[in-house]
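Computed from heavy atoms alone, side chains included, the values below leave out hydrogens, waters and symmetry copies.
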Amino acid sequence: MAVPVVSDNSEQRRETGLSLIVIGVMLWCFDALVFFMLPSGTKLGYQRPFAIIILTVLFAGLAMVGLGLHLRRE
C-alpha cells in the first residue's frame, strides 16, 4: 500500500490549494447548468434525480473549495 508523500514545500501546497479551489468553482458552474435544467425536469416529473445531482455536486464543490482554502492558509 502506497503512503502519500507529505511535502513541506509551501509553494506546492498553495498551488494544490488553488487547483482545488478552481475545480470546486468549476463544479459549482456545472451545478448551475444542472440547476437551469431543473424546470424542464419538473415538467417531465423527474425532479428528484435533478435535486440529488444538484446537492451532490454542490457539496463536492464546497468540500474542494474548503480543502483548497485550508491548504492555502497553512
Side-chain angles (χ1 to χ4, degrees):
M1 188 157 128
V3 178
V5 177
V6 179
S7 175
D8 290 332
N9 188 359
S10 64
E11 185 65 29
Q12 184 177 2
R13 281 197 319 259
R14 289 180 56 84
E15 287 179 8
T16 304
L18 182 62
S19 298
L20 287 172
I21 292 170
V22 169
I23 292 170
V25 170
M26 289 173 62
L27 282 175
W28 285 344
C29 291
F30 174 75
D31 196 33
L33 291 174
V34 174
F35 184 73
F36 288 128
M37 297 297 172
L38 182 63
S40 65
T42 56
K43 289 179 186 175
L44 297 173
Y46 296 114
Q47 104 186 32
R48 183 169 294 169
F50 277 100
I52 291 171
I53 292 170
I54 288 170
L55 290 176
T56 303
V57 173
L58 177 75
F59 287 128
L62 182 65
M64 287 193 170
V65 169
L67 182 61
L69 288 173
H70 178 71
L71 284 174
R72 284 184 59 96
R73 269 190 241 143
E74 288 183 352

From D31 CG over to L62 CG, what is the distance, rounded to the nearest 0.5 angstrom? 11.0 Å
Can you sort out the partners of R14 under side-chain contact (heavy atoms from CB on, under 4.5 Å), two or more places apart, ordered by chain and number? R72
Distance, nearest 0.5 Å, that separates CD of E11 from OG1 of T16: 10.0 Å
Same cluster or not: are M64 and W28 linked, directly or through other Ile, Leu, Val, Met, Phe, Trp or Tyr residues, by side-chain heavy atoms under 4.5 angstrom apart? no
Which other residues belong to the hydrophobic cluster containing L20, where Ile, Leu, Val, Met, Phe, Trp and Tyr are joined when side-chain heavy atoms lie under 4.5 Å apart, directly or via other members? L67, L71
Which value, rounded to the nearest 0.5 Å, describes the distance between H70 atom NE2 and R13 atom CZ? 9.5 Å
Would you list the atom pairs, donor with acceptor, under 3.5 Å between side chains in residues 52-59 and any protein atom, with sequence neighbours excluded?
from, atom 1, to, atom 2, distance (Å)
T56, OG1, I52, O, 2.7

